[in-house]
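Below is one structure, written out as C-alpha cells, with a few remarks after it.
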Amino acid sequence: MELFGVAVTLLALFAGFGVLIGLLFGFFGMGGSFLVTPALMVMGYDTNVAVASGLAFVFATSVIATLKHRDLGQVDYKLGVLMIAGTTAGIEVGKIGLHWLQEMGLADTVVSIIYVGLLGGIGVFITYTATRGDSGGGISHDEADGEIDGDDIPDIAKTIQSYRIPPMMSLRGGISVSLWMILAVAFATGLLSGFLGVGGGFIRMPALFYLVGVPVPVAVGTDLFEIVFSGGIGSFLYAMDGAVDLSIVVPLLAGSALGARLGAAATSLVDEDEIKVYFGVMLLLGAIAVAIRKVGEFADVPVLQTVSLVIILGAAALVSGAVVVSSVRALRTESATATSTAD
C-alpha cells in the first residue's frame with residue numbers, strides 16, 4: 001500500500017524515527033543529521049539527497065524544539081546572536097584549513113582522527129565530571145532566572161568570566177561575561193565545526209556550559225536557537241538545487257514534532273547531572289560508531305558500516321528510553337510530593 005507514491009510502511013518507519021531523533025534533539029540540542037544522514041545512505045539514498053534531507057529535517061525540528069525551550073524560558077537570544085556571529089567566522093576559517101588538507105590529500109585521515117578523538121574526549125570528560133558530582137554539576141532550570149551560586153559554575157567558566165574586558169555582557173542567571181570572551185569561545189567552536197564538517201551541536205552545547213557558564217537547559221535552548229539559522233541557510237541552499245526529498249522530510253517531521261517538544265520539556269524535569277551523563281554516553285558511543293565506520297572504509301569491510309549504524313541507532317534508542325524513564329520518574333516524584341503536602 002502506498003500513500004503519495006511512498007510505501008506506508010516506509011512512511012511509518014520515518015515517522016517513528018522522527019520521534020526518536022526529535023526527542024534527542026529537543027533534550028540535548030544536538031543536530032539529528034548525525035543519525036539521519038547515515039541511516040538514509042544505508043537505505044540506498046544518494047549522498048546528496050541524504051545530506052540535504054537530513055539538514056532540512058534538522059532545521060525544521062530545531063524550530064519546533066526552540067519554540068518549546070522559549071516557552072520554558074531556556075533561550076538566551078543575546079548570547080545566541082553573539083555565538084552565531086563568532087561561530088560563522090570560525091566556520092569560514094575552519095573550511096580554509098580543511099581545503100588545505102584536502103589539497104595535501106590528508107583531509108580524510110586527519111579529520112577522522114580528530115573527530116573521533118574530540119567526540120570521545122568530550123564524552124569522557126562530561127560523563128566523568130557528572131558522575132563525580134564536581135563543581136558545575138547542578139545549575140538547575142529553576143535557578144536560571146535568579147542569581148546562580150558561584151559554586152555551581154565550572155572552574156574553566158569562572159576563569160573566563162574573571163577576564164573583565166569591556167564591554168561586559170549580562171546573561172541569564174546574573175552571569176556577566178566579556179563580549180570578547182564569548183566571541184572567542186564561539187570562534188573556537190565554529191573553527192572546529194568548519195574543520196570537521198559537522199553542525200557542531202556536540203561542541204557548542206558543552207562549550208556554553210563549561211566555558212561560558214550558562215545553565216545546562218539554557219545551553220541546550222540557545223544552541224537550538226543557533227541551529228535554526230545555520231540549518232535554515234544550509235537547507236535553503238540544498239533546496240535550491242532540488243536535493244531535498246519531501247517524501248523523507250515530511251514523515252520525519254511529523255514524528256519529530258512530538259519528540260522535540262517532549263525532549264525539550266524533559267530538560268526541566270530531569271536532573272542536570274543525568275542530562276550530562278546521557279549526553280556523554282551518546283558522544284562516547286558515537287565516537288565508537290564513527291571509528292568502526294572509518295575502519296570499515298579503510299579495510300574495505302562493508303559490514304562494519306552496518307555495525308556502525310546499528311551502534312548509533314541503538315545508542316539513540318537507549319538514551320531516548322532513559323530520558324523518558326527519568327522524566328516519568330520525576331513527574332511521579334513531584335506528584336507524590338504534592339499529594340503528601342496536600343494531606
Side-chain angles (χ1 to χ4, degrees), residues 16 18-30 32 61-62 64-76 123 126-149 151-154 172-173 201-202 205-206 208-210 214-224 255-285 314-343:
V19 173
L20 174 67
I21 298 172
L23 195 151
L24 293 173
F25 195 88
F27 190 74
F28 294 123
M30 286 178 65
T61 306
S62 66
I64 297 169
T66 300
L67 291 174
K68 181 59 180 179
H69 279 279
R70 181 203 62 182
D71 294 341
L72 296 170
Q74 297 173 348
V75 180
D76 190 321
I126 292 176
T127 305
Y128 177 70
T129 55
T131 53
R132 281 188 58 189
D134 286 346
S135 63
I139 303 178
S140 70
H141 168 62
D142 295 333
E143 294 172 308
D145 291 323
E147 293 292 328
I148 293 175
D149 190 329
D151 292 335
D152 289 328
I153 299 175
R172 290 180 59 83
F202 74 93
M205 195 283 272
L208 287 172
F209 174 70
Y210 286 102
V214 298
V216 172
V218 177
V220 173
T222 304
D223 183 36
L224 284 166
S256 70
L258 171 63
R261 295 188 71 82
L262 290 175
T267 58
S268 62
L269 296 172
V270 180
D271 180 74
E272 296 275 329
D273 283 333
E274 287 190 58
I275 293 178
K276 287 184 284 184
V277 169
Y278 295 152
F279 187 77
V281 170
M282 274 289 294
L283 295 187
L284 283 172
L285 292 175
L318 179 65
V319 174
S320 295
V323 169
V324 171
V325 170
S326 295
S327 300
V328 172
R329 188 188 304 127
L331 287 172
R332 285 180 176 175
T333 302
E334 289 182 5
S335 177
T337 301
T339 302
S340 62
T341 302
D343 294 339

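Just so you know, residue 1 is the first one in the sequence shown, and it goes up from there.
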Residue list, side-chain hydrogen bond (donor to acceptor under 3.5 Å, both in side chains) with S327, at least two apart or on another chain: none
Rounded to the nearest 0.5 Å, what separation is found between the CG atom of D223 and the CG atom of L208? 6.5 Å
Give the minimum heavy-atom separation between V214 and F209, together with the two atoms involved. O-CD1, 3.0 Å
Closest heavy-atom contact between L20 and A317? CD1-CA, 3.7 Å
How long is the straight-line distance from CG of L318 back to CG of L285, given to the nearest 0.5 Å? 7.5 Å
Got a sec, which residues hit side-chain contact (heavy atoms from CB on, under 4.5 Å) with A257, two or more places apart in sequence or on another chain? I64
What's the separation between atom CG in L72 and atom CG in L67, rounded to the nearest 0.5 Å? 11.0 Å
If you take all heavy atoms of T127 and V277, which pair is closest and at what distance? OG1-O, 4.2 Å
Indicate the atoms forming the closest heavy-atom contact of A265 with K68, along with that distance. CB-CE, 3.8 Å
Pair Q74-L224, side-chain contact (heavy atoms from CB on, under 4.5 Å): steps then yes or no: CA-CA 10 Å; Q74 297 173 348; L224 284 166; over 6 Å; no
Could you measure the distance from the OG atom of S326 to the CG atom of L331? Nearest 0.5 Å is fine. 11.0 Å
Nearest heavy-atom neighbours spanning A65 and A264: O-CB, 4.2 Å
Taking side-chain hydrogen bond (donor to acceptor under 3.5 Å, both in side chains) as the definition, give me every residue that meets it alongside T222, ordered by chain and number, with sequence neighbours left out. none
